[in-house]
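Everything on this sheet refers to the single structure shown next.
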There are 2 protein chains.
Amino acid sequence: MSTERENEHPASRGGAAFLLAQLGAHAAQRFADRVAELDLTPAQAGLLRLLAQAPGHSQRELADMLGMPPSRFVPFADGLQERGLIERRRKPGDRRVHALRLTDEGMELLARLRTVARAHEEDVCQALSPDEHQQLIGLLRRIADQQQLTPGVHVGYRRLR
Amino acid sequence: MSTERENEHPASRGGAAFLLAQLGAHAAQRFADRVAELDLTPAQAGLLRLLAQAPGHSQRELADMLGMPPSRFVPFADGLQERGLIERRRKPGDRRVHALRLTDEGMELLARLRTVARAHEEDVCQALSPDEHQQLIGLLRRIADQQQLTPGVHVGYRRLR
DNA sequence: TATTGTTATACTCTATAACTATA
DNA sequence: TATAGTTATAGAGTATAACAATA
């Protein structure tokens, strides 16, 4: 029949799981492009955000939260320290640990990062009405909760340089 | 105030873009775990599915569709050919091109792959009612269309081994 | 001369594990 | 002896580009 192409099986576009993977990779890539304009990688942006929420953690703890080995965290943090965005402070009680926190400059960049994130959100969701946008966030949160994903952190940071 | 933690900014959980990236990475990882039980990587599964939909393409064309360089496609297809899942045939008209297609064994594995994909879909969406599930698919497709993503193919295959 | 498929090489990224200092 | 941080190294994965066959 000549209608074969028109009657494509729905699975050819994928179910929700496929669409999530496809759109997730797309959104992550677009975000990477945007933060590159601030000379940041998504992982670096994630660390800045994490330090704003939870300052004073040791490098080892932060490495765990971001899902990367400590050996990789060191040069990763080095880059941000050299740019004056974060600082390492010896913890008075235990001089082995280096507690990390944002500098004033780091907090300024974080503010610009939030602007970028808002623009990114609008870009990705421009197909939806405000109501649908909220509807989508609600559905996605339900899934994320049920799948026991940690709010605000995702392991994709491991791979997306 | 002690209510600070309760009044967390919504952005701490991320908007839709962040949730998509987070859930997308999660769904992709779960899918990778599942297809590993069939001794396949997600990229290999993607090629099998692609060959079922569109048999007879040249390796170069397939490499383009999957977003990988031709040099990488060769050993990638080698593995599947050695397992007897796909076969290369010289195209009669132009003996430079190797047209790829599924073997019978490849089609059998593809059937098992579809079962795995259905289980994966149910797993990821178990937090939602059937109605909500369809609602989510509708919203995601609208976004995917507007963002001009190719149905059925996603570039995450480049990275997810 | 151009194109398909293939191979070789050089480069990036990563994790493992050795090492230093503090405890 | 154990742990935080750091450094070194070896391995995997990748893309670029050279190559052979066919057009």
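Numbers restart at 1 for each chain; the letters A, B, ... are given by sequence-line order, proteins then strands.
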Handout entry: side-chain N/O A:R72 vs C:dT14 OP1/OP2, d < 4.0 Å
Key =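 So the side-chain polar atoms of A:R72 do come within 4.0 Å of the phosphate oxygens OP1 or OP2 of C:dT14, strictly under.
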Handout entry: Side-chain N or O of A:R60 closer than 4.0 Å to phosphate OP1/OP2 of D:dA4
Key =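 For D:dA4, OP1/OP2 do have a side-chain N/O of A:R60 under 4.0 Å.
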Exercise for the section: For DNA chain D, determine which residues of residues 74-89 of chain A have any heavy atom closer than 4.0 angstrom to one of its atoms, and list them numerically. Expected result: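 Residues of residues 74-89 of chain A under 4.0 Å from DNA chain D: A:V74, A:R88.
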Practice task
Taking side chain to side chain contact (heavy atoms under 4.5 Å, CB included) as the test, write out the residues that go with A:E87, two or more places apart.
Solution key: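 So A:E87 forms a side chain to side chain contact (heavy atoms under 4.5 Å, CB included) with A:R89, A:R101, A:T103.
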Practice task
Consider only side-chain N and O atoms of B:R30 and A:Q147, and report whether a donor and an acceptor are under 3.5 Å apart.
Solution key: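 A:Q147 and B:R30 do not have a side-chain donor-acceptor pair below 3.5 Å.
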Practice task
Scan side-chain atoms only and decide if B:D131 and B:Q135 contain a donor-acceptor pair under the 3.5 Å cut-off.
Solution key: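 No donor-acceptor contact under 3.5 Å links the two side chains.
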Practice task
Answer yes or no: side-chain N or O of B:S71 and base N or O of D:dT14 forming a donor-acceptor pair under 3.5 Å.
Solution key: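 Donor-acceptor pair under 3.5 Å: no.
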Problem - Any donor-acceptor N/O pair under 3.5 Å between D:dT3 base and A:R96 side chain - result: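 When only heavy-atom distances are counted, A:R96 does reach the base of D:dT3 through a donor-acceptor pair under 3.5 Å.
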Practice task
Select one nucleotide: of D:dA4, C:dG5, C:dA23, the one nearest the side-chain heavy atoms of A:D94.
Solution key: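 For the A:D94 side chain, the nearest candidate turns out to be C:dA23.
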Problem - Closest listed nucleotide, where the reference is the side chain of A:P69 and the choices are C:dT16, C:dT22, D:dA4 - result: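 Of all the options, the side chain of A:P69 is nearest to C:dT16.
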Problem - Gap between atoms CD and P, on B:Q59 and D:dA21 respectively (whole Å) - result: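 Atom-to-atom, B:Q59 to D:dA21, this comes out as 17 Å.
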Practice task
Check the distance between C:dG5's P and B:M68's CE and give it to me in whole angstrom.
Solution key: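 In whole Å, C:dG5 P lies 14 Å from B:M68 CE.
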